[in-house]
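Quick note on labels: first sequence line is chain A, next is B, and so on, each numbered from 1. These numbers come from the heavy atoms of this one structure, side chains and all, not from hydrogens, waters or symmetry mates.
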Amino acid sequence: MDIKDNIEKLLSKGILKKEFYLQPTQEVAINLLGKILMTIDSDGQIIAGKIVETEAYLNANDKASHSHSGITNRNEAMFEGGGVLYVYRSYGIHHCINVVTEAKGKGAAVLIRAMEPIEGLDLMKVNRGIDDIEKLCKGPGNTAKAFGFTKIDNFRSLTSYNLFIIAGEDISENDIISTKRVGISQSKDLLLRFYIKNSNFVSRK
DNA sequence: ACTCCGATGGTCT
DNA sequence: GACCATCGGAGTG
């Protein structure tokens with residue numbers, strides 16, 4: 001299929017509006033599964049992937065959330081209100097991308113942990129320095145690197161012409177697994193990680 | 001399959 | 001100065 005046809009078909013499914021992101025964070029985390037994150041750079045190059053794994057990070061009650069002790073320089077974007085990107089550097093090496101949720105001032109977001117590459121695979125391969133499609137967006141650090149997201153993308157709107165999420169396939173509740181979140185030491189028993197059961201693109205089963 | 005560990009930097013106490 | 005919402009490679013079984 002021609003790339004342009006593919007893109008138009010994807011766009012016809014509908015760009016998610018701000019209201020989508022204002023829902024409770026846990027619901028956004030679940031509802032993001034199967035949807036397509038798409039970026040268009042200044043050269044018209046498109047990168048898109050299907051979201052297959054997410055984690056919900058809630059407000060101050062959630063000790064694992066960056067927002068748990070209030071607004072700081074790093075987490076400011078989390079308080080911006082639903083529909084923007086929150087990007088932070090992890091372990092001094094990687095970047096991780098989050099979809100900010102709920103009302104302004106809440107401090108909640110959904111971490112995008114893994115994607116299935118859809119468009120712009122060549123660019124992703126260059127960005128990652130590997131060819132294995134299954135590994136391109138496996139894990140949050142790798143996902144950000146494949147898409148080329150860095151701190152300059154912090155606060156970027158997800159309802160703009162060059163960065164947005166569109167409806168993909170509907171995922172049945174039976175095909176979603178919820179588990180404990182990865183790599184945290186606080187509030188570690190909450191089942192706030194979600195992934196598509198039969199996907200080969202998740203970071204871990 | 002696993003466990004261990006080093007790289008690396010910004011944020012917060 | 002400690003703590004990380006990580007990754008990939010090395011070593012082991």
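A:Leu32 contributes atom CG, which lies 9.0 Å from atom CD of A:Gln23 (distance to the nearest 0.5 angstrom). If you take SG on A:Cys137 and CG on A:Leu37, they are separated by 9.5 Å, rounding to the nearest 0.5 Å.
Residue A:Leu111 is classed as a base contact, given a heavy-atom separation below 4.0 Å to a base. Residue A:Arg193 is out of contact with every strand shown, counting any heavy-atom pair closer than 4.0 Å.
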Worksheet, complete the sentence: Going 5' to 3' through nucleotides 6-13 of chain B and flagging B where a protein heavy-atom sits under 4.0 Å of the base, S where only the sugar-phosphate is that close, and - otherwise, we get -BBB-SS-
Worksheet item: Run the side-chain contact (heavy atoms from CB on, under 4.5 Å) check on A:Ile166 and A:Leu16 step by step: do they pass?
Response: CA-CA 5 Å; A:Ile166 58 187; A:Leu16 300 184; 5.9 Å; no
Practice prompt. Kindly indicate, with the supporting measurements, whether the criterion side-chain contact (heavy atoms from CB on, under 4.5 Å) is fulfilled by A:Asn75 and A:Tyr86.
Written response: CA-CA 8 Å; A:Asn75 66 21; A:Tyr86 166 44; 4.1 Å; yes
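Among residue pairs with one or both ends in residues 35-53 of chain A, those qualifying as salt bridge (charged side-chain N to carboxylate O under 4.0 Å, His left out) are A:Lys50-A:Glu116, A:Lys50-A:Glu169, A:Glu53-A:Arg113, A:Glu53-A:Arg193; sequence neighbours excluded. Note on residues 92-111 of chain A: pairs passing salt bridge (charged side-chain N to carboxylate O under 4.0 Å, His left out), not counting sequence neighbours, are A:Glu80-A:Lys104, A:Glu102-A:Lys106.
Residues passing the ring-ring contact (aromatic ring centres under 6.0 Å, His included) test with A:Tyr195: none are found, sequence neighbours excluded.
For the pair A:Asp62 and A:Arg181, the salt-bridge criterion is met [side-chain N within less than 4.0 Å of a carboxylate O].
A donor-acceptor pair under 3.5 Å is formed between the side chain of A:Ser65 and the backbone N or O of A:Leu58.
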Worksheet item: Given Watson-Crick or G-U pairs with both distances under 3.5 Å, what dot-bracket string fits DNA chain C, with | for other-strand pairs and [ ] for crossing?
Response: ||||.|||||||.
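Comparing the C1' positions of C:dG8 and B:dG10 gives a spacing of 22 Å, expressed to the nearest Å.
Within the 6.0 Å centre-distance limit, the rings of A:His66 and A:Tyr88 are counted as a close aromatic pair.
On the nucleic acid side, DNA chain C contacts chain A at distances under 4.0 Å to non-hydrogen atoms, with the end points of that region at C:dC4 to C:dG8.
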